[in-house]
Undergrad: 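Okay, here's the structure, questions in a sec.
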Amino acid sequence: MKRQRPRIADWLVVLLVSALTLVSPVGIASAENGSPTSAERVVFNQGWAINPDSLNPFIGYETTSYAIYDLNYDSLVTYDTKNLTPKPCLAESWELSDDEKVWTFSIRQGVKWQDGEPLTARDVAFTYNYIIENEMGMFIDYMLFIESVEAVDDTHVVVTCSQPKANMLGLWVPILPEHVWSKVDPADAESGFKNAPPIVGSGPFQTVEWKKGEYVRMEANKDYWKGAPKVDEVIFQ
């Protein structure tokens, strides 16, 4: 049975990422002597009432799980936090053909996965094709009308649709590293694969520890393409 993720997560994770990557560290972390100094490690502690159900984006359903995914991974296009209009993310720009069926996305150069491997258009194509070819339930509805996804080189992805696709810039699909997920059997990805920490993504924070029922710990990605986060660590508990 195909599953539909909760759309309220779109709003929540966007606001959370904005807060964690842009907020000033003063007052977030506590220190024994009062306010933190530049030499101290700044930690953002966030309490929540619902445990994440999985660190695997093909299984997780709770909004808390999506908060983690959105910090650990990037999408092709994101949302402007002021008005929720499409905003460049891994795709820094895009073009649409005259018949409105072919989208060409230009992928940012110099982006790296959290394990140091380069992120290219081939990872984007892999992610979309992994979902389409294996009919991955959590995201397959997003792929409606998409006929093919091809990386023509390291910086360009061409998405061909059978008809104009109005929500093409609104697909919240985490882009996955091919060198990691190509080794995961699709059937296992929808059932038993845990995606255990450290999770390799390209987002501003990396999940490095999860003690189920207690906490999730995420470390700042100091090499994040958008700039290092303003806090060193996030702990959801």
Side-chain angles (χ1 to χ4, degrees), residues 1-14 17 51-79 86 89-91 94 101 103 105 107 113-115 117 119-151 157-163 165-203 206-207 210 216:
M1 181 175 67
K2 304 303 181 186
R3 293 169 292 177
Q4 182 71 30
R5 65 179 181 80
R7 295 191 180 278
I8 189 66
D10 286 344
W11 298 67
L12 295 177
V13 294
V14 166
V17 170
N51 283 308
D53 51 340
S54 177
L55 298 182
N56 176 350
F58 292 109
I59 295 177
Y61 191 81
E62 297 290 352
T63 53
T64 47
S65 296
Y66 277 87
I68 296 169
Y69 305 151
D70 206 69
L71 289 172
N72 212 129
Y73 297 104
D74 285 313
S75 53
L76 196 57
V77 180
T78 188
Y79 304 99
C89 191
L90 289 180
W94 47 83
K101 294 182 181 180
W103 295 79
F105 294 91
I107 307 304
W113 295 106
Q114 291 159 347
D115 61 0
E117 292 291 320
L119 184 154
T120 73
R122 304 183 195 287
D123 293 295
V124 177
F126 165 79
T127 300
Y128 277 62
N129 286 320
Y130 189 83
I131 294 169
I132 294 170
E133 293 170 4
N134 300 294
E135 297 186 351
M136 307 300 282
M138 197 63 76
F139 301 102
I140 190 62
D141 287 348
Y142 276 152
M143 302 300 158
L144 187 65
F145 304 136
I146 294 180
E147 291 188 327
S148 67
V149 183
E150 179 185 6
V157 174
V158 176
V159 180
T160 303
C161 304
S162 59
Q163 64 184 65
K165 184 172 173 63
N167 67 339
M168 192 68 223
L169 299 180
L171 310 186
W172 193 90
V173 176
I175 301 304
L176 306 173
E178 181 177 13
H179 66 282
V180 173
W181 283 85
S182 61
K183 301 173 185 176
V184 181
D185 183 271
D188 193 30
E190 285 199 304
S191 57
F193 183 62
K194 297 184 182 299
N195 199 26
I199 298 174
V200 179
S202 62
Q206 180 178 28
T207 306
W210 180 27
V216 174

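Just the heavy atoms: all of them, side chains too, but no hydrogens, waters or symmetry mates, feed the values below.
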Undergrad: Holding to side-chain contact (heavy atoms from CB on, under 4.5 Å), I want the full list of residues that pass it with Val184, two or more places apart in sequence or in another chain.
TA: Tyr130, Trp181, Ala189, Phe193
Undergrad: side-chain contact (heavy atoms from CB on, under 4.5 Å) with Glu147: which residues, sequence neighbours excluded?
TA: Thr160, Ser162
Undergrad: Are any side-chain N or O atoms of Asp53 and backbone N or O atoms of Gly60, one a donor and one an acceptor, separated by less than 3.5 Å?
TA: no
Undergrad: Do the side chains of Tyr79 and Pro86 get nearer than 4.5 Å, heavy atoms only?
TA: no
Undergrad: Out of curiosity, Asn167 CG to Asp141 CG, how far, rounded to the nearest 0.5 Å?
TA: 10.5 Å
Undergrad: Looking only at heavy atoms, what is the nearest atom pair of Gln163 and Phe145, with distance?
TA: NE2-CZ, 3.4 Å
Undergrad: Under the side chain to side chain donor-acceptor pair (under 3.5 Å) test, which residues partner Asp115, sequence neighbours left out?
TA: His179
Undergrad: Could you tell me if the side chain of Leu171 sits less than 4.5 Å from the side chain of Ser75, heavy atoms only?
TA: no
Undergrad: Pro52: what forms a side-chain contact (heavy atoms from CB on, under 4.5 Å) with it, not counting sequence neighbours?
TA: Trp48, Thr64, Ser65, Ile68, Trp210, Val216
Undergrad: Just by modelled atom types, is the Leu119 backbone N or O under 3.5 Å from a matching donor or acceptor in the Asp123 side chain?
TA: no
Undergrad: Are Val159 and Met168 packed together at the side-chain level, in the sense that at least one heavy-atom pair is separated by less than 4.5 angstrom?
TA: yes
Undergrad: Looking at Phe58 and Ile131, what are the two nearest heavy atoms and their distance?
TA: CE2-CG1, 3.9 Å
Undergrad: For residues Pro57 and Met138, report the shortest heavy-atom separation together with the two atoms involved.
TA: O-CG, 3.7 Å
Undergrad: Could you tell me which non-hydrogen atom of Val77 sits nearest to which non-hydrogen atom of Trp94, and how far apart they are?
TA: CG2-CZ3, 3.8 Å
Undergrad: Residues in side chain to side chain donor-acceptor pair (under 3.5 Å) with Asn72, at least two apart?
TA: Gln114, Thr207
Undergrad: Checking side chain to side chain contact (heavy atoms under 4.5 Å, CB included) for the pair Thr120/Ile107: CA distance, chi angles, key distance, verdict?
TA: CA-CA 7 Å; Thr120 73; Ile107 307 304; over 6 Å; no
Undergrad: Applying side-chain hydrogen bond (donor to acceptor under 3.5 Å, both in side chains), which residue pairs with at least one partner in residues 191-203 are found, sequence neighbours left out?
TA: Tyr73-Asn195, Asp74-Ser202
Undergrad: Quick one: pull up CZ in Phe139 and CH2 in Trp172 and give me the separation to the nearest 0.5 Å.
TA: 5.5 Å
Undergrad: Is any side-chain heavy atom of Phe105 less than 4.5 Å from a side-chain heavy atom of Leu76?
TA: yes
Undergrad: Taking Glu150 for the side chain and Val157 for the main chain, is one N or O donor matched with an acceptor at less than 3.5 Å?
TA: no
Undergrad: Can you name the residues that form a ring-ring contact (aromatic ring centres under 6.0 Å, His included) with Tyr69, not counting sequence neighbours?
TA: Tyr66
Undergrad: When rounded to the nearest 0.5 angstrom, what distance separates OH in Tyr128 from CD in Glu133?
TA: 14.5 Å
Undergrad: With Ile132, which residues qualify under side-chain contact (heavy atoms from CB on, under 4.5 Å), at least two apart?
TA: Met143, Ile146, Val149
